[in-house]
Amino acid sequence: MSSKSDSRPYRVPSGSRDTRRHTPKVNMSGLYQRAVKEAFVKLDPRVQVRNPVMSVVWVGTVITFLLTIDPNLFGTVQADINQQRLLNGLITFILLFTIVFANFAEAVAEGRGKAQADALRSTRTDTIARKLLPDGSIQEINSTELRRGDQVKVIAGDMIPADGEVTAGIGSVDESAITGESAPVLKQPGTDIASSVTGGTRLLSDELTVRITADPGQGFIDRMISLVEGAERTKTPNEIALTVLLAVLTLVFLIVVATMPSLTGYIAGFLSTAIGEQAAADLRNGASVAIMISLLVALIPTTIGGLLSAIGIAGMDRVAQFNVIATSGRAVEACGDINTLVLDKTGTITLGNRLAAEFIPVNGHSLEEVAQVALNASVFDETPEGRSIVALAERSGATVSFDPKLAEGVEFSARTRMSGTDLDGQEIRKGAVDAIKGFVRSRSGSAGASRGGHVPNTLDQAYEQVSRLGGTPLAVCQNDDIYGVIYLKDTVKPGLRERFDQLRRMGVRTIMLTGDNRITASVIAQEAGVDDFIAEATPEDKIDVIRSEQAQGKLVAMTGDGTNDAPALAQANVGLAMNSGTQAAKEAANMVDLDSDPTKLIDLITIGKQLLITRGALTTFSVANDIAKYFAIIPTIFAAAGIGVLNIMGLKSANSAIISALIYNALIILVLIPLALRGVQFRPLTADQLLRRNILIYGFGGVIAPFIAIKLIDVILPFS
Amino acid sequence: MLQGWIQIALTLLIVVVITPFFGRYIVRVFQEQRTILDPILNPVERLLYSLVGVRTKENMTGWQYARAILYSNIVMGLLIVFIIASQGWLPLNPAGVPAPTWDTTLHTAISFITNTNQQHYSGETYLSYASQMWGLGYLMFTSAATGIAVGIAFIRGLTGRPLGNFYVDLIRAITRVLLPISVVGAIALMAAGIPETLADPLVVRTLEDPGISQAIARGPVAHFEIIKELGENGGGFFAINSAHPFENPNGLTNLIQLVAILSIPTSLIYAYGIYTNNIKQAWLVYSIPFAILVALIIVTAIAEYNGNPAVNALLGVDRATNLEGKEVRFGWVQSVLYAVITTATMCGAVNSLHDSFMPNGGFSTLSNLFLQIVFGGQGTGTAYLFAYLLLAVFVTGLMVGRTPEFLGRKIEKREVVLASFLILLVHPIAILIPGAIALAFPDQLAGISNPGFHGLSQVIYEYASAAANNGSGFEGLGDSQPSQIAIASGATPTATALWWNLSTCFSMLAGRYVPIVSLLLLADSMSRKQPVPKTTGTLRTDTGLFTGVTIGVILILGALEFFPVLALGPIAEAFQIAKG
């Protein structure tokens with residue numbers, strides 16, 4: 001990064017992240033009522049067929065329903081028909097609610113997403129846009145009719161009709177609707193960062209001409225809306241893999257259960273001669289169609305099968321709550337896998353604005369002289385750095401002694417790496433130390449000054465002194481005379497060190513990129529606790545770092561905002577663009593942070609991991625539950641075969657065991673909905689520690705919990 | 001009792017001690033490093049390769065490797081069908097045995113080509129020496145070598161190497177591993193008393209009545225015997241397999257056989273450790289099947305030692321060892337050890353009648369067949385074990401918050417499809433579905449000798465043995481067609497035998513080739529992945545914790561699906577017997 005890009009006016013919102021969240025604006029009232037209704041609407045087979053596990057339950061429910069109407073549907077039942085009808089009815093009822101609970105989980109997740117989306121959508125009520133026609137006249141059209149490439153005129157007080165780029169004019173925009181930041185932002189053309197505007201924000205002053213960059217319904221917010229609503233949600237790669245495993249497990253148990261009546265039929269034939277007809281009938285009853293369906297539903301992974309989509313939607317929703325717009329679920333999932341974080345120093349690791357802290361005179365000049373020249377060089381510099389230099393110089397007693405109208409400002413450029421003022425033929429410059437050295441040498445002798453073109457040794461000393469403090473040294477000169485060094489102080493954001501430590505424990509490496517020299521960079525890097533840094537980095541270095549990390553098989557995340565970041569954002573596995581950044585950067589990234597807070601990448605990694613952990617934990621729990629369900633059902637329904645001793649829970653009867661296991665099976669989905677939506681609590685631990693902890697909770701817990709719960713339900717149930 | 005445990009412990013100790021040496025040797029063989037037999041074998045191999053036209057340096061993709069296996073197996077299978085069907089005209093048939101019925105021939109060919117060696121015939125009365133030696137003996141080498149090749153190719157793929165060339169692996173497995181050990185082993189077995197002859201059956205006069213003469217079957221047994229164990233084939237020269245005094249005359253031959261059975265599948269796990277340069281993980285993985293094996297031996301041994309309570313009551317003693325169906329020269333210890341190890345490893349040779357074990361024995365042997373990874377089949381068992389490891393990584397690995405990865409390679413949809421399909425789905429399909437059909441028609445199809453819980457075990461065992469490519473039998477089923485000699489003298493082929501021959505063919509083929517193809521594709525897709533560097537955020541699979549997790553996953557995903565069958569079979573039988 002050049003020193004210019006380091007001085008970009010990042011807006012770093014103040015206060016802890018929690019207070020900046022958008023949640024207050026999200027209207028959650030009536031969420032649960034709607035979700036309940038939706039849970040029943042989703043019983044539609046066309047919806048169910050998308051979920052292999054739950055569609056098996058659905059078919060089972062239909063069959064048990066038919067068996068409730070006519071218990072003799074698949075052959076005469078030997079038990080009392082009314083009792084059988086009651087049992088089948090109960091099974092049907094519980095199975096139905098198993099599906100409804102799973103639907104409810106999904107509906108709540110979607111409902112929250114919708115509420116989130118509505119909050120976003122409320123920012124984009126249809127507005128009247130003033131479309132600029134090629135002949136220069138203005139046509140008033142509805143904002144939804146705007147197409148990419150259209151030019152519109154926005155006048156103070158107007159809502160900006162769609163995402164776009166400012167091509168003319170200058171004005172301040174209230175972006176609080178999307179960022180929650182009340183301070184208006186200045187927008188003007190050409191300036192990389194400040195030229196992009198977002199639909200739904202309001203222009204407060206002046207006039208802007210905006211070129212529309214997104215068709216209606218294609219803007220970032222629209223994409224986010226469709227993602228959090230779940231309508232356009234496509235399954236992520238890991239979710240697909242898990243669905244495959246769950247489908248295979250379902251198929252396995254389908255085979256187990258489908259072959260069972262033949263096995264029991266054979267044993268029953270034996271029992272009828274060996275023990276008596278009653279035992280044979282009992283065993284045949286134990287393998288009746290309704291009970292086999294119950295066994296199947298108890299064994300297939302309904303818990304994770306029912307909650308899987310809710311977990312995915314809730315993950316997207318959590319991203320949205322962080323005020324980040326993700327363009328795909330895949331990107332969120334990839335966050336959990338990130339190995340390397342490439343971070344810009346300025347605005348991410350250090351506070352955005354470096355402030356002038358000290359003037360260090362060289363070449364025999366006095367402090368006052370340095371302050372005066374620094375002031376003269378910075379009069380036209382509107383960056384926070386420039387203003388801080390002006391302020392420090394004025395505190396040091398310097399005053400502007402010329403009429404600014406007679407002087408001419410020299411803009412910073414990445415090529416010269418200097419800025420300054422031309423005044424009465426005097427060239428006053430400030431900039432990177434080696435740039436100033438070059439400048440001075442090039443002016444050597446031309447102005448005929450006594451110490452012409454001389455680069456004093458004290459300059460290098462001052463340069464090193466500042467660098468070693470972790471500051472950025474800027475040299476100031478007038479013509480060929482170097483006056484001194486400005487110490488720009490960088491402040492590492494508080495709390496970052498701890499977060500990088502956490503990341504390291506999670507196995508994520510951080511690389512800091514900076515335009516600063518090596519010494520400065522190493523001091524800041526050490527202070528912030530990053531693992532590696534690249535000094536004097538150019539935008540091309542960014543993409544090189546990403547490529548070389550990826551070549552080692554690592555997944556890389558980075559933040560960026562400038563147009564020259566766009567290739568790197570596209571190259572990175574997770575590219576988080578700042579909303580304050582250019583349209584090009586936002587297009588290239590797969591996530592956009594509305595708060596323009598680059599450290600959010602760290603939170604996104606946590607969300608990604610949490611998403612995967614929640615899935616894994618509930619899968620483990622669901623599968624581990626099978627042990628208890630087996631021990632509840634098999635010994636009781638096959639008690640006639642003499643294996644009643646295995647009924648270690650001491651359940652009352654086969655019917656009671658079946659119903660208890662099914663009730664547990666349905667209720668556990670309901671109980672786990674909050675966990676699925678909130679996500680398993682994530683702690684920044686090493687993989688081994690996480691595995692031990694989660695295996696203990698969800699593995700062993702998954703084995704033991706159902707034993708206790710099924711026994712309790714059995715005790716409560718009024719079955720004999 | 002104590003002496004029994006010491007026998008068991010010593011046998012297992014010998015296996016563990018051999019493992020590192022043999023494992024290292026196997027890696028040398030397949031890394032094409034110098035081995036002791038190179039001066040003799042290299043020219044032979046070069047001649048073979050140039051004759052067959054194998055380009056030895058060419059690596060195969062997973063699908064090419066699988067196709068090479070399928071094609072070569074089809075050719076070998078057809079050859080063996082031809083040999084058995086025409087044994088009547090072929091030489092080396094001193095007893096003049098005609099070809100068996102067509103379904104027995106088909107079943108035998110498929111049984112040996114799949115390394116199952118399930119035998120629905122009696123070697124001495126159905127097959128000529130030519131069929132035994134050229135047909136079955138040949139397949140015992142190639143099918144075992146095929147398994148080793150698959151195991152090595154799988155390990156190569158898993159560790160990111162190219163899979164190798166099937167023909168080279170097949171030939172090296174035979175020339176460097178199976179053949180040299182077989183030569184030495186056969187000589188040792190001959191020295192210990194096993195016959196090796198092409199002479200006719202010996203006709204002797206019985207001791208009770210010199211007027212009666214009896215034909216004692218014999219033949220080229222010793223060389224057949226060693227590859228039967230070493231290659232985890234298990235097909236006996238005689239009907240009663242290693243219970244026959246000519247196949248397994250004494251304690252020494254029994255020990256040699258046990259060690260031979262276990263040596264290759266144990267060493268392949270160690271070979272994995274060398275390939276990954278992580279011997280610690282190899283021993284941890286080793287401990288999984290080892291722990292299950294020891295547990296099942298204990299479960300079985302206690303029941304055999306205590307005997308049948310009904311018999312004990314009859315005898316009026318507290319405890320009498322169950323010796324029904326056992327050779328007294330082996331007793332309960334060696335019988336238990338043999339039964340559990342032979343089913344654990346998919347060898348399938350037997351030195352006692354599994355049918356006569358207490359229900360605990362049925363439980364252990366069936367569990368072995370269901371799991372398939374208690375060292376498991378030659379090569380394939382090792383591959384299964386690692387496929388289970390992949391599944392354990394996939395299920396629990398998510399809980400560390402990353403896309404699960406094994407050895408730095410991400411486990412994604414394709415890997416889950418292949419691993420879960422081959423491990424979880426094929427086995428129940430090949431066992432439960434034909435088992436349910438047979439049990440639905442117990443008299444017409446199954447011909448069960450012992451109705452009830454035991455009969456259920458018999459049927460399920462037969463299919464489990466076929467699907468796991470084990471080949472041992474619980475026996476007691478009407479699964480053998482009469483020999484042609486018997487048919488000539490009036491016996492008729494039965495429908496039950498036809499059913500068993502054909503339905504187990506389905507189980508054997510499904511249980512062999514679907515997993516092999518899946519394993520190779522899985523290895524291929526793992527080997528093509530860009531490895532991710534290891535960090536503290538990576539799930540470590542070489543820890544005791546993860547090994548414990550894997551055991552849990554194996555038991556829940558691999559064994560639980562067979563719990564109902566076990567409950568209605570050996571478990572119900574155990575309670576029935578306990579009740580008296």
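Here is the naming used below: chain letters follow the sequence lines, and residue numbers restart at 1 for every chain.
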Pick from L439(B), V416(B), L425(B), T535(B): which one has the most heavy-atom pairs with chain A under 4.5 Å?
L439(B)

So what's closer than 4.5 Å to chain A heavy atoms on I448(B): side chain, backbone, both or neither?
side chain

F394(B) portion near chain A, given a 4.5 angstrom heavy-atom threshold
side chain

At a 4.5 Å cut-off on heavy atoms, which part of R509(A) comes close to chain B: side chain, backbone, both, or neither?
neither

The interface call for K410(B) against chain A, heavy-atom contacts under 4.5 Å, is side chain

Would you say the side chains of T504(B) and E462(B) form a donor-acceptor pair under 3.5 Å?
no

Applying a strict 4.5 Å limit to non-hydrogen atoms, the region of T543(B) in contact with chain A is side chain

Portion of P428(B) that has a non-hydrogen atom of chain A nearer than 4.5 angstrom:
both

Under 4.5 Å to a heavy atom of chain A? For V417(B) that would be both

Heavy-atom distance under 4.5 Å to chain A: side chain of L456(B), backbone, both or neither?
both

Could you look at Q550(A) and say if it's the side chain, the backbone, both or neither that has a heavy atom under 4.5 Å from chain B?
backbone

Bottom line for M506(A): the part with an atom under 4.5 Å from chain B's heavy atoms is backbone

Residue part contacting chain A, namely of E412(B), when any heavy atom lies under 4.5 Å
backbone

Is I634(A) in contact with chain B via its backbone, its side chain, both, or neither, using a 4.5 Å heavy-atom distance?
side chain

Testing V252(A), L251(A), I255(A) for side-chain contact (heavy atoms from CB on, under 4.5 Å) with I429(B), which one passes?
I255(A)

For A641(A), is it the side chain, the backbone, both, or neither that has a heavy atom closer than 4.5 Å to a heavy atom of chain B?
both

Lys/Arg-Asp/Glu bridge criterion (N-O < 4.0 Å) met for K529(B), E405(B)
no

L249(A), part contacting chain B, at a heavy-atom distance under 4.5 Å
side chain

Side chain, backbone, both or neither: which part of I433(B) has a non-hydrogen atom closer than 4.5 Å to chain A?
both

Shortest non-hydrogen pair, L371(B) vs Y388(B), comes out as O-CE1, 4.2 Å

Check whether R692(A) gets within reach of chain B through its side chain, its backbone, both or neither, counting any heavy atom under 4.5 Å.
both

Which bit of A551(A) is near chain B, if near means a heavy-atom gap under 4.5 Å: side chain, backbone, both or neither?
backbone

Check each atom of I411(B) against the heavy atoms of chain A and say whether the ones under 4.5 Å are side chain, backbone, both or neither.
neither

Which answer fits L555(B), side chain, backbone, both or neither, if we ask what part of it has an atom under 4.5 Å from a heavy atom of chain A?
neither

The interface call for L555(A) against chain B, heavy-atom contacts under 4.5 Å, is side chain

